[in-house]
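Scroll down for the structure; my scribbles are underneath it.
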There are 4 protein chains.
Amino acid sequence: MRKEPRQARSRATVETIVEAGARILSNEGWAGFTTNRVAELAGVSIGSLYQYFPDKLTLVDAIRSQHLDDSMAAMRSLPAGEITPADFAVRLVEAVVAAHSVHPGLHRVLLDEAPSSEEYRNPESKFEIEYLSYFANAIATHGNRSPNAADQIAGRVLSDAIDGVIHNAARRGAIHDQAMHKELVRLITLYLGATGQVLGDS
Amino acid sequence: MRKEPRQARSRATVETIVEAGARILSNEGWAGFTTNRVAELAGVSIGSLYQYFPDKLTLVDAIRSQHLDDSMAAMRSLPAGEITPADFAVRLVEAVVAAHSVHPGLHRVLLDEAPSSEEYRNPESKFEIEYLSYFANAIATHGNRSPNAADQIAGRVLSDAIDGVIHNAARRGAIHDQAMHKELVRLITLYLGATGQVLGDS
Amino acid sequence: MRKEPRQARSRATVETIVEAGARILSNEGWAGFTTNRVAELAGVSIGSLYQYFPDKLTLVDAIRSQHLDDSMAAMRSLPAGEITPADFAVRLVEAVVAAHSVHPGLHRVLLDEAPSSEEYRNPESKFEIEYLSYFANAIATHGNRSPNAADQIAGRVLSDAIDGVIHNAARRGAIHDQAMHKELVRLITLYLGATGQVLGDS
Amino acid sequence: MRKEPRQARSRATVETIVEAGARILSNEGWAGFTTNRVAELAGVSIGSLYQYFPDKLTLVDAIRSQHLDDSMAAMRSLPAGEITPADFAVRLVEAVVAAHSVHPGLHRVLLDEAPSSEEYRNPESKFEIEYLSYFANAIATHGNRSPNAADQIAGRVLSDAIDGVIHNAARRGAIHDQAMHKELVRLITLYLGATGQVLGDS
DNA sequence: GATGAATGAGTATTCATTCAT
DNA sequence: CATGAATGAATACTCATTCAT
């Protein structure tokens, strides 16, 4: 960001802009996301927007950062161990669905459509790493071991699979479909229960 | 299309344009997909592009149609029954990876970013229906029954999960990662083997 | 024209093109008059059109020439003298209305909207001169004298007034309105009857 | 208009654009009226033009509105009764000529060539109605009666005749020709004096 | 600081015209 | 000669960004 806002008023302005941007990004996609529209929805002049965000990329990065922070916070608050795979899966799906409820399209737009400064693009980004290790950890925990290389990969596959299901549901406006939730839970539970086993060993 | 190409020359031009469009859509996303860029990459004038495609939407629909046809053809050539879940999963992953190999980002861009004429947008589209029933069928087959309502949902979840894994791999440029393939195969196999069972029954 | 058509077939082609052009010009105005559209309506290829007309201006000039020839022919066939002003006015209005009946908007488009090569633009054009002298003559005849300078001006005013009435009627699609015809006849009759008189002398 | 200009600066910009548009429309006709040319002549960027006019049609409507307002104002300031037909005719011609002096071709271009939003197109438009009833009124007044149906038609014929004479004079660049003015005055006077009479009654 | 007027490069699309077949 | 595929300059309009007030 161009300028760290010192005063409370400025901080509020920045938040308003980020929130307006998130709403537009979610509802209209990257194509409908114009700086003038964001400023208008936020109720500030276009000049003010550029006071806080030197360009569009910086703004979208701020929105992304905010969104990923929120998502990670939701995941971190989940209990990792001390819980059966089935219960964990239920809580996980709840958390992911909740994270997508505020701005249903936002996650996908931020990851797929919107361009981003290097920081978020590469697979080594702070968020990717934390996100991934969260899943690797969960898998290892339910396999009663500490995370190994295979768990990293399994974690990625699991998180991407969940992402795919949720994302496509969001696209159809069916993010709260209970039957879908149940099936997704079943998929996760199966995977968690069986990871690390050589297939067919059960 | 605006005009049926009569001569061989023009048929070739149309193919070149569609191919160039697919490439750009795949590499740059919807935002980078400009008609002038497509024409340039195709090596034809902008006028030629508009001779065959009355507008951008029609062009993107042609690309989508081509891509989905190819994808469905790949799936249809898979053996459905007479094969163990594990073997089926291996072949399925191979087919999906192959379909994404030519233009890695194309599938997601076409489904998520690019606008489209009604035909493809709604969930009742010819392709969605065939795609979905393919998965419902596979699940039912491996459960030794004919497809029921639950299989429809399971089919959607499975196909969306696979989609998520493949898409994110494509985003990272890791679509040919063998370890990922193996994990994905395991996920599918588990799900196919257990679908229809009440969880915990195994 | 680029090429004098020698054979009957060529002459027919040229006529078809001119007729198609007149129709489009009349129905769609200058803005809708594109060479490709004319060729299509005429049922010839765009290449053939350019075989006979080196450019758009030449084509529009051919249409104009044809139209003005037709119009003049209609006027020339009117009896000039040996007839009361009232009867002359009736016949004149009939002729003018008839000339506008085939392609109602054509006259205006050709004179106002469509650009033209110098030949038609300037007031000394062959057609303007003949047209004008026709009216000057009519006025002089009904004033029992040979045409003088004042008659030239009166002729212009009369022909322009008639043009205005007919043109605006065409615009409203009311070119066959009998009440309007009657009023126009009255206007012409009054003017013919009084021209040359010092106003107030009657 | 897209945006109400708040500051004095922007109000001036809008006026400049409308004026430039009128000039171009008058000199070059609808075909030469391009938004980029208007912006250039107005000395503003194309972006500024679109800040105030969402599209070309809105701009041309603004020009038309302005022009018709001006024209009506000129007519309304004329004394209707208490004046001989001849004097009235003189004043009328003066007013019409004055209205066409600033932008000679504008009136016809606006009415004939330029497309317009519904408001102006149909014969029931506010302007058409007022314009027409003005002439019907004038005719009735000079016939010492209140306007009847026949006066409506006569009004239309008279106004269209005047329009034709003025327009064609403008086309020839001869709008200030005194001899023409005199003849036109005579035409109007005759018509006003005789309207309502059965022809031949004088 | 805040405002919003102004900028202009960029994008979709049209159409007169050329030329290989 | 006829065809129609190909060309590209021109046109309406958008939107990120700047800067005078």
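Below, chain A is the first sequence line, B the second, and so on; all start at residue 1. Since the model is a prediction, treat every value here as computed from it, not as a measurement.
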query = Can you name the side-chain hydrogen bond (donor to acceptor under 3.5 Å, both in side chains) partners of T34(A), sequence neighbours left out?
reply = none
request  = Compute the bend angle of the helix from dA2(E)-dT21(F) to dT21(E)-dA2(F) from the end axes (five pairs per end), rounded to 10°.
outcome  = 10°
request  = Over all heavy atoms of both residues, which pair between D112(D) and E113(C) is shortest? Give the atoms and the distance, please.
outcome  = O-OE2, 4.3 Å
Per I46(B) side chain, nearest of listed nucleotides dT13(E), dT3(F), dT11(F) = dT13(E)
ask   = Do F33(D) and K56(D) have side-chain heavy atoms sitting under 4.5 Å apart?
value = yes
side-chain contact (heavy atoms from CB on, under 4.5 Å) against A170(D), all qualifying residues, sequence neighbours excluded = P104(D), I175(D)
query = Within this structure, what is the OH-to-P distance between Y52(B) and dG4(F), rounded to whole angstrom?
reply = 11 Å
task = Return the nearest nucleotide to the side chain of Q51(A); candidates are dA2(E), dA5(F), dT13(E).
result = dA2(E)
task = Go through the structure and list residues passing side-chain hydrogen bond (donor to acceptor under 3.5 Å, both in side chains) with D69(B), not counting sequence neighbours.
result = none
request  = Round to a whole Å and report the spacing from CG of D55(B) to P of dT13(E).
outcome  = 5 Å
ask   = Roughly, in whole Å, what's the span from CZ in R11(C) to P in dC1(F)?
value = 13 Å
inquiry  = Any side-chain N or O of S10(D) below 4.0 angstrom from OP1/OP2 of dG4(E)?
reply    = no
query = Roughly, in whole Å, what's the span from CZ in F53(A) to P in dT18(F)?
reply = 16 Å
ask   = Choosing from dT17(F), dA5(F), dT7(F), which nucleotide comes nearest the side chain of S45(B)?
value = dT7(F)
note = Sequence neighbours excluded, the answer for ring-ring contact (aromatic ring centres under 6.0 Å, His included) partners of H103(A) is none
query = dG4(E), dT13(E), dT3(F): which one has an atom nearest the side-chain heavy atoms of S48(C)?
reply = dT3(F)
request  = Mind calculating the distance between CZ (R37(B)) and P (dT13(E)) to the nearest angstrom?
outcome  = 17 Å
request  = Identify, between G47(A) and L49(B), the residue whose nearest nucleotide on DNA chain F lies closer to the 5' end.
outcome  = L49(B)
key: E40(D) CD to dA10(F) P, straight-line distance once rounded to whole Å   = 13 Å
Interface with DNA chain F, restricted to residues 19-33 of chain A and to heavy atoms under 4.0 Å = F33(A)
remark   = Sorted by chain and number, sequence neighbours left out, ring-ring contact (aromatic ring centres under 6.0 Å, His included) with H167(C) holds for none
inquiry  = Strictly below 4.0 Å: does Y50(B) bring a side-chain N or O up to OP1 or OP2 of dT14(E)?
reply    = no
key: Distance in angstrom units between N36(C) CG and dT18(E) P, rounded   = 13 Å
Given DNA chain F, 5'-ward residue of the pair K56(D) and K56(A), judged by closest heavy atom = K56(D)
task = Applying side-chain hydrogen bond (donor to acceptor under 3.5 Å, both in side chains), name anything that partners N27(C), two or more places apart in sequence or on another chain.
result = none
request  = Return the nearest nucleotide to the side chain of T35(D); candidates are dT17(F), dA12(F), dT3(F).
outcome  = dA12(F)
key: Given dT11(E), dA12(F), dT13(E), the nucleotide with the shortest approach to the side chain of T34(B)   = dT11(E)
message = How many whole angstroms separate atom CD1 of I17(B) from atom C1' of dT7(F)?
response = 13 Å
request  = Identify, with sequence neighbours excluded, every residue that meets salt bridge (charged side-chain N to carboxylate O under 4.0 Å, His left out) alongside E28(D).
outcome  = R37(D)
